[in-house]
Amino acid sequence: MARLLSPVELDFVESAPLRLVFSAEVSAAPKAVYEALAEDVAGLPTWFGAVASATPTHGGAGREVRLRGGIFFAETILAPDPGERYAYRVDRTNAPGLRALLEEWRLTPSTSGTRVQWTFAVDAPAPMRGVLKLSRAGLAASFRGAMRKLDRKLAHSAAQ
């Protein structure tokens, strides 16, 4: 059953009771990484293995994302900053125990391409925050795998 979450704003990425931050390097330029994240929403499942489907909503101002296993998120895009940042909050979800969730993707040019930093900012009761902390290693592995696949996908696209 879907539940409404608190409508947090961008400052929540710094003030959330729990922040999980992951980073990786990809060889593509920030512009290409941003396009894969923000503009090719339907293509998200091709490189992020946890995602079963992703659909833009509200004329591109939102997304609906379904994860493998049945969790879904209805999201509002808060920061579509091409080549630099992509952030969204979850407005509705069937994931248990969450009060608020905001995800931010920061893209920084690096000598080898782009440094991608993903921040998962959450408000939830203490037991759920504990579960999420214990899930950090799994989320990190999922993120690293996604970045490797995205790197390969963007390199293949650039070669064509």
Side-chain angles (χ1 to χ4, degrees), residues 1-26 30 33-58 60-108 114-151:
M1 179 166 198
R3 294 176 305 98
L4 293 176
L5 301 186
S6 296
V8 295
E9 295 299 328
L10 285 172
D11 61 338
F12 186 71
V13 79
E14 297 299 329
S15 65
L18 176 63
R19 296 174 65 245
L20 303 175
V21 182
F22 309 96
S23 64
E25 296 271 335
V26 296
V33 176
Y34 181 86
E35 288 171 0
L37 276 171
E39 296 171 11
D40 184 16
V41 174
L44 194 58
T46 65
W47 57 269
F48 208 123
V51 176
S53 68
T55 308
T57 60
H58 309 293
R63 309 184 315 175
E64 285 193 3
V65 176
R66 295 195 177 279
L67 302 181
R68 299 192 192 289
I71 299 293
F72 83 89
F73 302 109
E75 304 167 342
T76 296
I77 310 304
L78 299 176
D81 302 329
E84 295 176 21
R85 176 172 67 163
Y86 186 59
Y88 45 88
R89 74 164 172 250
V90 174
D91 296 316
R92 272 184 317 113
T93 185
N94 62 348
L98 299 177
R99 291 191 283 236
L101 172 59
L102 185 139
E103 295 180 46
E104 178 189 62
W105 297 76
R106 287 247 178 216
L107 310 174
T108 308
T114 303
R115 180 178 181 270
V116 180
Q117 178 179 291
W118 176 43
T119 301
F120 194 81
V122 180
D123 183 17
M128 181 61 174
R129 288 195 314 265
V131 167
L132 289 168
K133 286 178 186 176
L134 291 173
S135 301
R136 180 187 301 264
L139 285 168
S142 179
F143 171 75
R144 284 190 308 271
M147 292 300 96
R148 283 191 300 272
K149 284 183 82 172
L150 178 61
D151 200 22

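Closest approach of Phe73 and Leu101 over heavy atoms only: CE2-CD2, 4.0 Å. The two residues Val122 and Phe12 have their closest heavy-atom pair at C-CZ, 3.8 Å.
Taking Thr46 as the reference, Lys153 meet the side-chain contact (heavy atoms from CB on, under 4.5 Å) condition, with sequence neighbours excluded. Shown here are the side-chain contact (heavy atoms from CB on, under 4.5 Å) partners of Thr119, two or more places apart in sequence or in another chain: Val13, Arg19, Val21, Glu104, Gln117. Legend: residues meeting ring pair (Phe, Tyr, Trp, His ring centres under 6.0 Å) with Trp47, ordered by chain and number and at least two apart, are absent. With sequence neighbours left out, Ala52 forms a side-chain contact (heavy atoms from CB on, under 4.5 Å) with Arg68. In this structure, the salt bridge (charged side-chain N to carboxylate O under 4.0 Å, His left out) partners of Arg99, at least two apart in sequence or on a different chain, are Asp123. Residues passing the salt bridge (charged side-chain N to carboxylate O under 4.0 Å, His left out) test with Asp91, sequence neighbours excluded: Arg89. Partners of Phe72 according to the ring pair (Phe, Tyr, Trp, His ring centres under 6.0 Å) rule, which considers only residues two or more places apart in sequence or in another chain, do not exist here. Residues passing the ring pair (Phe, Tyr, Trp, His ring centres under 6.0 Å) test with Phe120, sequence neighbours excluded: Trp118. Residues passing the salt bridge (charged side-chain N to carboxylate O under 4.0 Å, His left out) test with Glu64, sequence neighbours excluded: Arg92. Taking the side-chain contact (heavy atoms from CB on, under 4.5 Å) definition, one finds that Val65 meets it with Val51, Ala54, Arg63, Leu67, Glu75, sequence neighbours left out.
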Identify all side-chain donor-acceptor contacts of residues 34-43 below 3.5 Å with residues at least two apart in sequence or on another chain.
residue	atom	partner	partner atom	Å
Glu35	OE2	Lys31	NZ	2.6
Asp40	OD1	Gly43	N	3.2

Listed pairs under 3.5 Å, donor-acceptor, residues 128-146 side chains, sequence neighbours left out:
residue	atom	partner	partner atom	Å
Arg129	NH1	Ala124	O	2.6
Ser135	OG	Val131	O	2.9

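Under a 3.5 Å cut-off, the side chain of Thr114 and the backbone N or O of Val116 do not form any donor-acceptor pair.
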